[in-house]
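A short worksheet on the structure shown next.
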Amino acid sequence: MNRLATNLPGLQLKNPVMPASGCFGFGREFSGMYDLNKLGAIMIKATTPKPRFGNPTPRVAETSAGMLNAIGLQNPGLSKVMEDELGFLDKYDVPIIANIAGSLVEDYKEVAREISKARNVKALELNISCPNVKEGGIAFGTDPQTAKSVTRAVKEVSQVPVYVKLSPNVTNITEIAKAVEDGGADGLTMINTLLGMRLDIKTGKPVIANGTGGLSGPAIKPVAIRMIHEVSQRVSIPIIGMGGIASAEDVIEFFYAGASAVAVGTANFVDPFVCPKIIEELPLLLEKLGYGHIAECTGRSWKKNAQTAYHRA
Amino acid sequence: MNRLATNLPGLQLKNPVMPASGCFGFGREFSGMYDLNKLGAIMIKATTPKPRFGNPTPRVAETSAGMLNAIGLQNPGLSKVMEDELGFLDKYDVPIIANIAGSLVEDYKEVAREISKARNVKALELNISCPNVKEGGIAFGTDPQTAKSVTRAVKEVSQVPVYVKLSPNVTNITEIAKAVEDGGADGLTMINTLLGMRLDIKTGKPVIANGTGGLSGPAIKPVAIRMIHEVSQRVSIPIIGMGGIASAEDVIEFFYAGASAVAVGTANFVDPFVCPKIIEELPLLLEKLGYGHIAECTGRSWKKNAQTAYHRA
Amino acid sequence: MIKNENMRVISQRKIAKTIYELTLEGELVSEMHQPGQFVHVKAGSGFDPLLRRPISISSIMAEEKQFKMIYRAEGRGTQLLSQKNNGESVDVLGPLGNGFPVEAAYGNGGRVLLVGGGIGVPPLFELSKRLSAKGCSVIHVLGFQSKDNVFYEEEFSRLGETYVVTADGSYGGAGFVTDMIKRLEEDFPVIYACGPTLMLRALEAEYGHKKLYLSLEERMGCGIGACFACVCHSAADPDGHSYKKVCSDGPVFRAGEVIL
Amino acid sequence: MIKNENMRVISQRKIAKTIYELTLEGELVSEMHQPGQFVHVKAGSGFDPLLRRPISISSIMAEEKQFKMIYRAEGRGTQLLSQKNNGESVDVLGPLGNGFPVEAAYGNGGRVLLVGGGIGVPPLFELSKRLSAKGCSVIHVLGFQSKDNVFYEEEFSRLGETYVVTADGSYGGAGFVTDMIKRLEEDFPVIYACGPTLMLRALEAEYGHKKLYLSLEERMGCGIGACFACVCHSAADPDGHSYKKVCSDGPVFRAGEVIL
Ligand SMILES: Cc1cc2nc3c(=O)[nH]c(=O)nc-3n(C[C@H](O)[C@H](O)[C@H](O)COP(=O)(O)OP(=O)(O)OC[C@H]3O[C@@H](n4cnc5c(N)ncnc54)[C@H](O)[C@@H]3O)c2cc1C
Ligand SMILES: Cc1cc2nc3c(=O)[nH]c(=O)nc-3n(C[C@H](O)[C@H](O)[C@H](O)COP(=O)(O)OP(=O)(O)OC[C@H]3O[C@@H](n4cnc5c(N)ncnc54)[C@H](O)[C@@H]3O)c2cc1C
Ligand SMILES: Cc1cc2nc3c(=O)[nH]c(=O)nc-3n(C[C@H](O)[C@H](O)[C@H](O)COP(=O)(O)O)c2cc1C
Ligand SMILES: Cc1cc2nc3c(=O)[nH]c(=O)nc-3n(C[C@H](O)[C@H](O)[C@H](O)COP(=O)(O)O)c2cc1C
Ligand code: FES
Ligand code: FES
């Protein structure tokens, strides 16, 4: 019995577990550690039109049950990503979700137009929630109108379904979610990091060079669950959930909240084998809990009958 | 040398460390464990005009390095608080900060008018950020105009300075902070809890009966630091900082961010002696770090010269 | 008085499936006076897990400055606790709450019934010791899920007649403690009980008119009465705003005092 | 190949003020081939602390399937690590990174200079062992803060001439390693160094034209090249977007390869 196969717009997934963008590079490093074919999909590092070096170091800091990062969207730029990275990943039978970013709407459009032509890119993830860059990023994700229009712009040029990645740093996440749904989003991914900061006790200055950074890891899981629970009841597009996932139990909790697939971020740094481990454990856990298929868990916290034929492969 | 004495509007504090509202009841329980006179001040549990039972149980759930609560502002009501609780606390030489809440602006005004007359109440803490009640609470704290007008209404009737407690569940906390400053707030207290949720892996239902709850504890510290860092640079009223404080080092970090005093919440549950412990350790830590007075730390992360005569007693 | 102490592990024993008996030593023991009180235990260092775990005091050895607790290692906190070895220390806050009123059993005639369910069984042990020491004749009815989970049958038997039931019938009588009590066909003027809420409700329905004392369980924050996490409605005012805190007013209440 | 293993603690020794030497055993040792590589250690169970800690491999005993690391117990992670006792296990990911190119020292004539500062000293030990084994004549200049912090002087002395300097002059020569190197008045065609960035910069300024290999330190997320936390600019393109990752391209670079 295949309890994990999952279909989402553009994505036929062996299982609904994938590494989150920015926490898996372009897969090369992990490919030496396990067979990437085990993954449901791969969300690659944010790609911008031109190469970006990102922020000065230190770029990460540890917090209680979490970490801050301010990488600043470092990436080799659209053409290198398409040639080298997507080329490398093409030998795997794994759909790629390309995380796209930029400073201007034009940037998003440019990356979307090109990268969506790549053979293995099956969906885009529109990153309008990066808290670590001065322009673009989160600025697009905190205002409903802006979020909607960048979604629409990207939808117009993309060859593949577009998932929009939401920022948790907002008063009303449902409003943003509905706006991007209106703008034509095929799905949502949530949550990106919470904006945070740590100060060095000796110097009084921020621990990371950028000052603020994005908070991720188990610490933010309750915020992610709350937001997915809220949004999933009010939109009709599927949600790929993320934020602190580190175990098969966490995956189920995200499904209960309303997710139809999940991504694992920070936990890859703690245990680089975490994704295949979760994928291996999930069927056993589902069996123990009495579910024939993981899709039965979606929205169980609020649905009368959680099963939706739609998400099930 | 007294490195800790701190003056804030209405508050002459032996030291700038106090238990946070809702995490210390009305002090009775702790009074059997240590001498409450050691505390800088006490922020008592939210008081509403009438008694409130609060939400059904379970009301708390553990999360990674944090906890969720949905107490729902349970309290014995204004008149009992004034008679029994403030009466009891009157035998201590500790200023009381009365946390006031309600469903309507009229409720806030009623509690403010009366409770500010109590001899030991030296300031009010206007709770417009409780995420656990259907009416009032957070609804007042997420819109700048509403926040400003409830602040103004309370200021009109209060006999003592008014501190407004901000919610972190907003897109732009500076905007709210400036609005309540405009409304006449004498100070800010921040942050209240982040809205979160946990689902039970067996039942699929929320672990706490209320569904969502407020996330507190070390997990949220980076968010608190970031917000205080941001707001303290843009308002000219002092900030009492809170959110995950559990050690003297944490206190210094909050001062660096821009706080002029701090409150300790969740950590009281983990170690009921945490407040006196921190108060004892602070002078030693300040000495080690080379500060003559804790006020020198305020805003050090962003100020050229952090010392402000104003905050120093 | 409530104290906080790093107590020394004297022994850690697995006594049934996932059930451990932990003996700790320290000054705090001299504050323990009443059976049915509990301690609040910090299972790990650091902030994960963050909160303390409430665990009943199951046996007090005042002279040795030792006490025992019996707990089920299930979640992260109790699992970490079960990994503590001899000589290591455990951060304990306590004793907390109001326990079983032993005096209530004096001079009522008849035997005193102690009813325990699962991890509600432990606090009855110190209670039974004290009642026996005072010359009361005690009888124990202990319910468990299954044979694997049964513990302390022999220890209780030494203090008085002991009946074990298991929900799945794999050991002792089959069914619930209430079934067993009925089968005993005896009138107990005083009953003390600790176990799952459903069990307590059943007992209250049947024996609420007796002197019945129930030890409740509720999720806790502080454990000392300060956070309002563990409240229940007073029976006198079921929909109103009067309440009792399980941690500091309880965990033991007389039947009829609060809404279960 | 990079592996993840719960390795067994063989010994844990305090060898200087806050400095510990930890010996671990496991299969992972058979993957360790190069001095200057590091492991990524999970110090506690659970999520506090969350991240792994990068610690250099200081000695490889391939036959015993054991290796040593030497670390300073300062923050929460390393303090937890220092509490691990014999027989307990430590979660290790490794070996990581590219270490010191031992071959670079072959056939250059003259003695090979190894320069270490503080907790940069440990990886030089395995390097020195290997160079010595290959017949190279090694000389060590080791800098520490103060007398209390000095470690492994004897161990290094057994492998070659060893000069210790302390910043406060409380032991050995006073001052910095660079002062000591000057005092040696010898021309070293090949130099390997590990220590604080300021020390590495000083060495680069003075000896950058030699075969100088520097082991860098940077805050890390993943330790395997996936998160872009630990990048530095390529020297060829100081303001551009080309970069090296300390964790997977380094931690050892040839002087002039990256911007320190
Ligand atoms: C007054 C009192 C006395 C108790 N005495 C005993 C005893 O003697 N032996 C024993 O095995 N258990 C006892 N319990 C139950 C015990 O507290 C829980 O089993 C324990 O807290 C679970 O922790 P965990 O780390 O295994 O679970 P986790 O799932 O990690 O716990 C998560 C959170 O939920 C709380 N929690 C989970 N289950 C319970 C529960 N049943 N009751 C209260 N809080 C819970 C935990 O305290 C923690 O805050 C008692 C509970 C109370 C209230
Ligand atoms: C390649 C490499 C090899 C190293 N080898 C050694 C060694 O052999 N012996 C040794 O004692 N130390 C070594 N270090 C430094 C060591 O990693 C830090 O001292 C350690 O991570 C601090 O952890 P903590 O728990 O004490 O401090 P905390 O303050 O709790 O650390 C908080 C966070 O900051 C990071 N951090 C703190 N200081 C450093 C630092 N100096 N470098 C990198 N990250 C840091 C931690 O890894 C953690 O993520 C090495 C560092 C690197 C990059
Ligand atoms: C080091 C790091 C880099 C990240 N880079 C990106 C990125 O490039 N694009 C993006 O959309 N999200 C990025 N994220 C956010 C994650 O994809 C994820 O949304 C977030 O970390 C929450 O999940 P987690 O708690 O499992 O890490 C990054 C996160 C981390 C920790
Ligand atoms: C159990 C509990 C009850 C609380 N009740 C109140 C309250 O009545 N009024 C209020 O303003 N804040 C209340 N808070 C919020 C705290 O005062 C504090 O702002 C928050 O918990 C963050 O600080 P901490 O991380 O130190 O706990 C409560 C928090 C907890 C955990
Ligand atoms: S647990 Fe805090 S009041 Fe009972
Ligand atoms: S630490 Fe992640 S890339 Fe180097």
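Within every chain, numbering begins at 1; the chains are lettered A, B, ... in the order of the sequence lines, protein sequences first and strands thereafter.
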### Query
Among A:H229, A:M227, A:E230, which residue meets the side chain to side chain contact (heavy atoms under 4.5 Å, CB included) test with B:M197?
A:H229
### Message
If we define contacts as heavy-atom pairs under 4.5 Å, which of B:A219, B:P206, B:G244 has the most with chain A?
### Response
B:A219
### Task
Just give me the residue among B:A65, B:G196, B:A224, B:P222 that pairs up with chain A most often, heavy atom to heavy atom, under 4.5 Å.
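Heavy-atom pair counts peak at B:P222.
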### Message
Can you tell me which of A:G66, A:S64, A:G211 forms the most heavy-atom pairs within a distance under 4.5 Å of chain B?
### Response
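That would be A:S64.
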### Query
chain B: which of A:L194, A:L199, A:I225, A:T142 shares the most heavy-atom pairs with it under 4.5 Å?
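The residue among A:L194, A:L199, A:I225, A:T142 with the greatest pair count is A:L199.
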## Note on the structure
For residues 164-174 of chain A against chain B, heavy atoms under 4.5 Å, the residues are A:N169, A:V170, A:T171
### Task
Using a 4.5 Å cut-off on heavy atoms from C-beta on, say whether the side chain of B:L195 contacts that of A:V223.
no
### Message
Can you confirm whether B:Q233 is buried at CD, in the sense that more than 12 heavy atoms of other residues, nucleotides or ligands lie under 6.0 Å from that atom?
### Response
yes
### Test item: B:R300 side-chain N/O and A:G204 main-chain N/O as donor-acceptor pair under 3.5 Å
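Not at all, since once roles are kept as given, no pair shorter than 3.5 Å links the two residues.
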### Query
Are the side chain of B:Y256 and the backbone N or O of A:D200 linked by a donor-acceptor pair below 3.5 Å?
no
## Note on the structure
When the 4.5 angstrom heavy-atom criterion is applied to A:D250 and chain B, the contacting part is neither
### Contacting moiety of B:L68, where chain A heavy atoms sit under 4.5 Å
side chain
### Query
Any residues in residues 281-290 of chain B near chain A, with a heavy-atom distance under 4.5 Å, and which are they?
B:L289
### Atom pair NZ (A:K221) and OG1 (B:T63), whose distance is rounded to the nearest 0.5 Å
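Answer rounded to 0.5 Å: 8.5 Å.
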